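Below, read A as the first sequence line, B as the second, and so on, with proteins coming before strands; counting in each chain starts at 1. Fair warning: this is a prediction, and the values are worked out from it, not measured in the lab.
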Amino acid sequence: MDLSPVRVRFAPSPTGRMHIGNARSALYPFLLARRTGGTFILRIEDTDQKRYDPNAEQELIEGLRWLGLAHDEGPDIGGPNGPYRQTERREIYHEHAWKLVELGHAFPCFCTPERLGQVRQEQMAAKQNPRYDGHCRALDPDEARRRAQSGEKFVIRFKMPKEGSITATDLLRGPITTENAALDDSVLLKSDGLPTYHLAAMVDDHLMGITHVIRGSEWLPSMPLHVHVIRAFGWDAPQFVHLSVFLKPSGKGKLSKRDTAQALKDGYSIFLGDMKELGYTPEGVLNWIALMGWGVSEDDVLSLDDMIARFNVNSLTPSPAAINFAKLDHFNGTHIRLMQPTDLAARIKPFLSAAGYLVQDEKLLKIIPLIRERLVTLDDSIPFAGFFFRDVVSPDPQELVAKDLTPAQSAQVIGKVLAILSGLADISHASAEPPLRQFIEESGLHPNQVFGILRVAVTGQKVSPPLFESMEIIGRETVLARIRCALEMLSAL
RNA sequence: GCCCCCAUCGUCUAGCGGCCCAGGACGGAGCCCUCUCAAGGCUCAAACAGGGGUUCGAGUCCCCUUGGGGGCACCA
């Protein structure tokens, strides 16, 4: 592939929460930029004042930072091609819109929304495609300019050729030819003075020197319009890459509000902010989204650096992809296991703290090897490690009763275990296992019965990290105290 | 309704005319390991949507059908 430095951008509109679709739209350009030693730009497309969400930009920036997708230019860090918020570029769009009018490729339109609505209704009633009827197309340019300047409400529309066709190329799909007659006189500049996407994005991409436009496939149908606009200005078109959409887990249709609600119920989310809180790691999330729409053969556990080294626009896939949360779990767990113990400890600590535990770093570091291969999310550290930091545990008395044993028999067993462990100067894997194994041997009990009672007594739960290693970390005194407590509970049954 | 795009195991995908009675990963099933739960190892089930062409030869190229997705705003 061509490795000359690209200039690419992530250009979200700040209208809501950052989700995996956004993240992937940022990831691929980022990878391409890093792969080629190019430039990755963040641009905020905030021209829709109705849908504007003042918190969105910050969430977007935080999301990028969390994922590790650092941009080289953007509204928060500046750069030579600013401003990077479209509302701060009004004059630029104005100039360009009128330039197009001058060149005869656009025209001011004074039609009211009411008239347009009526026309649309009539067209639909006549089973025609709803489209602009060309009412203001033939207006005298000077007259139109005068009316516009006198304060009359107007928009500027692209003057789409009536005949001919245009061929626009998507890198993943090849050339796509469209009849101009099928295209509309789209609005470029709105009556509020702000541009539509069709003008703003084309102007900005040109002015910012964008070489590859990587965006969602919802833009594929307007690519012909975009190429028309670009050519009307006399510019060279960038390479277009349209990413496939994410489908709901069933693969039937794209994600809806209901699906995101359902995901949350199942303990998942498509929003980055939620995913972080649920204990997903940037590495896991990145790996997951990277592989939805990107064909990598064989080794598919990839770090960001691996992705950069292997990324290639041509291996992106054009077909829609159903999201699969089980795979997210897999990647998350895999990347957790790949982490350095100190790194993992640092990431787990906030979760434990938030759960109310006072965490000692040294102790946590000792726990890491015991729990790392058991974690799917960082949040799982709470059930797996919480009991290490608790003063007392409160097991369910019923769970202290071993399989096929009565409460009294179970009490007898744990009493014997207590006697054995009490006799030890310290409780470690090496010191505790042999005498307990010997006891099991002599008693004819099953290891699961003895260790099961002990596990519940010491950890307060039926599922835990390995018993002996856990007891070693908890310490002799606490272990014995917890066993005595369990013995009392059993005796009371 | 009109326009556009897409089509390999349940899911994400490899495959760019012979290397494919189709490979990997997730998930599923089984076995091993084992103090619970995991992790790990091994094994198994599982797909070229259908129909026409082109070709000595098609999952790979073309056409149609079907299915899926997207778009048709003074939203992006």
Side-chain angles (χ1 to χ4, degrees), chain A residues 11-15 45-51 109 111-113 116-117 120 124 127-132 153-157 170 172-173 176-179 182-184 186-198 200-201 215-224 242 244-245 247 249-254 288 291-301 314-315 317-331 333-334 337 371-376 380 383-384 433 436-437 440 446-452 454-456 459 461-468:
Chain A
S13 52
T15 54
E45 309 216 323
D46 55 350
T47 57
D48 185 353
Q49 66 279 68
K50 290 187 210 73
R51 293 200 306 155
C109 168
C111 296
T112 63
L116 260 18
R120 177 194 311 276
M124 305 241 274
K127 297 218 193 282
Q128 290 173 320
N129 280 343
R131 56 186 303 148
Y132 182 64
K153 281 260 183 195
F154 72 100
V155 302
I156 290 180
R157 289 178 180 274
D170 172 81
L172 309 181
R173 289 161 254 255
I176 298 166
T177 299
T178 311
E179 293 299 319
L183 270 15
D184 208 352
S186 300
V187 172
L188 301 179
L189 196 71
K190 300 183 277 185
S191 60
D192 63 3
L194 285 167
T196 60
Y197 176 91
H198 307 307
R215 51 164 28 173
S217 67
E218 67 269 23
W219 294 113
L220 197 54
S222 43
M223 180 171 61
H242 291 91
S244 62
V245 291
L247 268 27
S250 64
K252 301 283 180 195
K254 63 170 182 175
W288 183 51
L291 263 29
M292 284 189 283
W294 177 20
V296 175
S297 49
E298 308 306 306
D299 335 314
D300 56 3
V301 175
N314 299 308
S315 54
T317 52
S319 43
I323 63 170
N324 180 178
F325 288 116
K327 204 144 186 170
L328 168 63
D329 282 340
H330 167 255
F331 282 127
T334 302
R337 271 170 256 133
I371 64 172
R372 66 190 305 179
E373 58 274 349
R374 277 163 250 266
L375 304 180
V376 170
D380 290 339
F384 275 118
E433 188 165 13
L436 287 180
R437 292 274 177 199
I440 289 166
H446 189 93
N448 283 349
Q449 293 175 305
V450 177
F451 293 139
L454 184 55
R455 162 172 280 108
V456 175
T459 69
Q461 51 203 49
K462 297 192 83 157
V463 174
S464 82
L467 230 200
F468 295 107

Without decimals, in angstroms, what is the distance between [X] [atom1] and [N] [atom2]?
| X | N | atom1 | atom2 | value |
| --- | --- | --- | --- | --- |
| A:Glu45 | B:C75 | CD | C1' | 12 Å |
| A:Leu189 | B:A76 | CG | P | 11 Å |
| A:Phe325 | B:G27 | CZ | C1' | 15 Å |
| A:Asp192 | B:C74 | CG | P | 12 Å |
| A:Tyr197 | B:A73 | OH | C1' | 16 Å |
| A:Tyr132 | B:C74 | OH | P | 11 Å |
| A:Asp46 | B:C75 | CG | C1' | 13 Å |
| A:Asp300 | B:G24 | CG | P | 12 Å |

So which atom in [X] and which in [Y] form the shortest heavy-atom distance, rounded to 0.1 Å?
| X | Y | answer |
| --- | --- | --- |
| A:Pro318 | A:Ser244 | O-CB, 3.5 Å |
| A:Thr317 | A:Gly295 | CG2-N, 4.4 Å |
| A:His198 | A:Val187 | CD2-O, 4.1 Å |
| A:Phe451 | A:Ile440 | CZ-CD1, 3.6 Å |
| A:Ser217 | A:Val245 | OG-CG1, 3.6 Å |

Pairwise [atom1] distance for [N] and [M], with rounding to whole Å:
| N | M | atom1 | value |
| --- | --- | --- | --- |
| B:C20 | B:C63 | P | 29 Å |
| B:C35 | B:A45 | P | 32 Å |
| B:A29 | B:U65 | C1' | 37 Å |
| B:G68 | B:C74 | C1' | 32 Å |
| B:C9 | B:A47 | P | 9 Å |
| B:U8 | B:U55 | C1' | 22 Å |
| B:U11 | B:C3 | C1' | 30 Å |
| B:G24 | B:A58 | P | 25 Å |

Assign a letter to each nucleotide of nucleotides 33-44 of chain B from its 5' end: B, base within under 4.0 Å of a protein heavy atom; S, sugar-phosphate only; -, no contact.
--BBBBSS----
For the backbone of [Y] and the side chain of [X], can you confirm whether one donor and one acceptor N or O come within less than 3.5 Å of each other?
| X | Y | answer |
| --- | --- | --- |
| A:Glu433 | A:Phe468 | no |
| A:Ser13 | A:Thr15 | no |
| A:Arg131 | A:Leu183 | yes |
| A:Trp288 | A:Phe325 | no |
| A:Lys327 | A:Leu291 | no |

Run the numbers on A:Tyr132 and A:Cys111 for side-chain contact (heavy atoms from CB on, under 4.5 Å), then give the verdict.
CA-CA 10 Å; A:Tyr132 182 64; A:Cys111 296; 3.5 Å; yes
In the structure shown, which nucleotide is the Watson-Crick or G-U wobble counterpart of [N], with both distances under 3.5 Å?
| N | answer |
| --- | --- |
| B:C44 | B:G28 |
| B:C16 | none |
| B:G67 | B:C6 |
| B:C72 | B:G1 |

With heavy atoms under 4.0 Å as the rule, sort [X] into base, sugar-phosphate or nothing.
| X | answer |
| --- | --- |
| A:Pro224 | nothing |
| A:Asp48 | sugar-phosphate |
| A:Gly253 | sugar-phosphate |
| A:Arg131 | nothing |
| A:Pro195 | sugar-phosphate |
| A:Ser217 | sugar-phosphate |
| A:Trp219 | base |

With A:Asp170, which residues qualify under salt bridge (charged side-chain N to carboxylate O under 4.0 Å, His left out), at least two apart?
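For A:Asp170, the residues satisfying salt bridge (charged side-chain N to carboxylate O under 4.0 Å, His left out) (neighbours in sequence not counted) are A:Arg173.
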At under 4.0 Å, does any side-chain N or O of A:Lys190 touch on OP1 or OP2 of B:C75?
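Yes, such a contact exists.
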Below 3.5 Å between N/O atoms, which protein atoms pair up with nucleotides 5-14 of chain B? Just atom names and distances, please.
residue, atom, partner, partner atom, Å
B:C5, O2', A:Arg173, NH1, 3.3
B:C12, OP1, A:Ala322, N, 2.9
B:C12, O2', A:Leu291, O, 2.5
B:C12, O2, A:Lys327, NZ, 3.3
B:U13, OP1, A:Gly293, N, 2.7
B:U13, OP1, A:Thr317, OG1, 3.1

Taking the side chain of A:Val245 as its heavy atoms from C-beta onward, which of B:C2, B:A76, B:G69 lies nearest to it?
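Per side-chain heavy atoms of A:Val245, the pick is B:G69.
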Give the nucleotide from the list B:A25, B:C2, B:C75 with an atom nearest to the side chain of A:His330.
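Among the listed nucleotides, the one closest to the side chain of A:His330 is B:A25.
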More 5' along RNA chain B: A:Ser222 or A:Glu218, using each one's nearest nucleotide?
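Checking each residue's closest nucleotide, the 5'-ward one belongs to A:Glu218.
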Return the 5'-most residue of the pair A:Lys50, A:Pro130 with respect to RNA chain B, ranking by each residue's nearest nucleotide.
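Final value for this comparison: A:Pro130.
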